[in-house]
Amino acid sequence: MIDIITAIADYVDLGSGKKLSASQLLQYFLFTPEQQYNYVYKLSGGERRKLYLCTVLMRNPNFLVLDEPTNDLDIVTLQILEEYLQDFPGCVIVVSHDRYFMDKVVDHLLVFKGQGEVQDFPGNYTQYREWQGLEDARETKETRSTSNTRDISNPRESHRHDDRRRLSYKEKREFEQLEREITALEEEQRQLEEQLCSGTLSVEELTEKSKRLPLLKEELDEKSLRWLELSEIEG
């Protein structure tokens with residue numbers, strides 16, 4: 001493996017005076033010094049994908065295009081890639097369905113809305129969803145206000161407007177509970193990320209927490225979507 005990497009370059013310049021040698025880059029992506037002298041044909045499929053990623057980064061690119069990177073890499077490698085990209089001095093274009101990955105590495109979105117419309121948004125995916133929820137609530141409020149002004153002379157229409165959909169008592173309790181649960185899940189996610197990146201976990205702990213993380217993300221997404229639905233009614 002080390003021969004493949006050194007054939008590209010002896011070191012990669014990370015900017016700000018930081019450099020990684022070929023061996024250090026491999027170690028950064030969890031190839032031990034002993035593993036670096038293994039033959040490539042002995043590597044597993046996941047290790048080969050990780051080695052290919054190292055060959056790309058060793059070329060010191062200033063522009064990366066990543067197409068669904070979370071489909072091909074394991075959880076631990078993704079954590080390392082996220083950390084690497086957060087300090088990447090160049091430009092990265094990511095196409096991904098993974099909301100969590102995008103939140104970690106992007107600071108700008110191109111939102112394809114259909115019919116040739118592309119919206120430019122400065123922020124990550126969660127920020128976009130929150131902004132979109134606020135915009136939808138604002139538009140709904142303006143629509144209701146316009147309708148109320150138009151129908152104010154008609155008492156029957158005004159009465160019908162006052163009967164618009166509101167949160168039931170049960171839904172209000174659910175809304176409040178969701179806020180607490182989402183906060184707790186976000187904190188658990190933060191702790192899991194720190195533990196996975198700490199390098200202090202045993203193999204068993206690493207496996208257990210790696211399995212928990214995608215389940216946690218799925219639960220968080222589900223509860224966040226439900227919270228947005230209820231918040232739009234409440235708004």
Side-chain angles (χ1 to χ4, degrees), residues 12-20 24-25 28-30 49-50 52-139 179 182-199 210 213-214 216-225 227-228 231-232:
V12 57
D13 190 347
L14 302 178
S16 302
K18 297 179 182 179
K19 294 181 180 180
L20 283 180
Q24 287 173 328
L25 180 69
Y28 187 81
F29 281 89
L30 304 183
R49 287 191 290 271
K50 189 162 59 171
Y52 175 73
L53 176 62
C54 289
T55 64
V56 173
L57 299 179
M58 199 64 197
R59 289 181 171 85
N60 200 20
N62 60 8
F63 193 100
L64 287 173
V65 179
L66 304 178
D67 184 8
E68 295 288 1
T70 60
N71 286 353
D72 301 317
L73 301 174
D74 59 79
I75 295 294
V76 177
T77 303
L78 277 176
Q79 296 282 343
I80 296 169
L81 179 60
E82 288 167 3
E83 182 181 336
Y84 184 91
L85 292 177
Q86 284 169 359
D87 295 325
F88 184 68
C91 177
V92 183
I93 292 181
V94 180
V95 179
S96 177
H97 69 281
D98 191 322
R99 168 179 175 172
Y100 173 77
F101 181 80
M102 288 193 292
D103 279 352
K104 292 284 283 188
V105 303
V106 310
D107 56 15
H108 204 88
L109 297 181
L110 293 176
V111 184
F112 290 76
K113 310 194 74 163
Q115 304 299 319
E117 181 183 356
V118 181
Q119 182 178 359
D120 190 0
F121 181 82
N124 62 32
Y125 183 72
T126 294
Q127 291 167 338
Y128 171 74
R129 288 294 299 269
E130 291 172 350
W131 174 83
Q132 187 65 55
L134 291 173
E135 282 294 293
D136 290 344
R138 181 184 61 79
E139 291 176 2
E179 288 184 333
I182 289 171
T183 299
L185 288 171
E186 288 176 339
E187 176 60 22
E188 182 184 354
Q189 179 176 291
R190 185 189 64 79
Q191 293 177 1
L192 269 179
E193 293 165 8
E194 290 180 353
Q195 291 167 355
L196 286 168
C197 294
S198 67
S210 295
L213 189 59
L216 179 62
K217 293 178 186 177
E218 184 177 344
E219 184 179 0
L220 187 56
D221 284 346
E222 181 180 339
K223 290 184 182 296
S224 297
L225 285 174
W227 182 89
L228 281 172
S231 68
E232 288 177 1

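The structure displayed is predicted, hence computed values, not measured ones.
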Check [X] against [Y] and note the closest heavy-atom contact, atom names and distance.
| X | Y | result |
| --- | --- | --- |
| P214 | S210 | CD-O, 2.9 Å |
| N124 | M102 | CB-O, 4.2 Å |
| L30 | K50 | CB-NZ, 4.1 Å |

Donor-acceptor list for residues 75-91 side chains, cut-off 3.5 Å, not counting sequence neighbours:
from: T77; atom 1: OG1; to: D74; atom 2: OD1; distance (Å): 3.1
from: T77; atom 1: OG1; to: D74; atom 2: OD2; distance (Å): 2.9
from: Q86; atom 1: NE2; to: K104; atom 2: O; distance (Å): 3.3

- [ ] May I ask you to check whether over 12 heavy atoms, not counting those of K113, lie within 6.0 Å of atom NZ?
- [x]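 Result for NZ/K113: enclosed.
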Open item on the list: Other residues, nucleotides and ligands only: do more than 12 of their heavy atoms fall within 6.0 Å of CD on E218?
Closed with: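 No, because the 6.0 Å sphere around CD of E218 holds 12 heavy atoms or fewer from other groups.
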Open item on the list: Out of the candidates Q189, E187, E188, Q195, only one should pair with Q191 under the side chain to side chain donor-acceptor pair (under 3.5 Å) rule; please name it.
Closed with: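 In the set Q189, E187, E188, Q195, the residue that makes a side chain to side chain donor-acceptor pair (under 3.5 Å) with Q191 is E187.
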Quick check for you: to the nearest 0.5 Å, what is the distance between [X] atom [atom1] and [Y] atom [atom2]?
| X | Y | atom1 | atom2 | answer |
| --- | --- | --- | --- | --- |
| E186 | S224 | CD | OG | 6.5 Å |
| I182 | E222 | CD1 | CD | 10.5 Å |
| L110 | D120 | CG | CG | 6.0 Å |
| D107 | Q127 | CG | CD | 9.5 Å |

- [ ] Would you check, one step at a time, whether the test side chain to side chain contact (heavy atoms under 4.5 Å, CB included) holds for N71 with D98?
- [x] CA-CA 9 Å; N71 286 353; D98 191 322; over 6 Å; no
TODO: Show the numbers, then the answer: is there a side chain to side chain contact (heavy atoms under 4.5 Å, CB included) between T126 and R99?
DONE: CA-CA 8 Å; T126 294; R99 168 179 175 172; 3.2 Å; yes
Task: Flag, side chain of R129 to backbone of Y125, donor-acceptor distance under 3.5 Å - done: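 Between the backbone of Y125 and the side chain of R129 there is no qualifying donor-acceptor contact (under 3.5 Å).
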Task: Non-hydrogen side-chain atoms of V92 and L66 separated by less than 4.5 Å - done: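 Result yes, sub-4.5 Å side-chain heavy-atom pair found.
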Open item on the list: Contact between T70 and H97 at the side-chain level, heavy atoms closer than 4.5 Å - yes or no?
Closed with: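 T70 vs H97: side chains touch.
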- [ ] List in chain and number order the residues that pass ring pair (Phe, Tyr, Trp, His ring centres under 6.0 Å) with Y128, two or more places apart in sequence or in another chain; answer none if no residue qualifies.
- [x]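 Testing Y128 for ring pair (Phe, Tyr, Trp, His ring centres under 6.0 Å), a comparison that skips the adjacent residues, returns F121.
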Open item on the list: If you apply the rule side chain to side chain contact (heavy atoms under 4.5 Å, CB included), what do you find for M58 with L20, and how did you get there?
Closed with: CA-CA 9 Å; M58 199 64 197; L20 283 180; over 6 Å; no
- [ ] For the pair E194 and R190, find out whether any cationic side-chain nitrogen is under 4.0 Å from an anionic carboxylate oxygen.
- [x]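 Yes, this pair counts.
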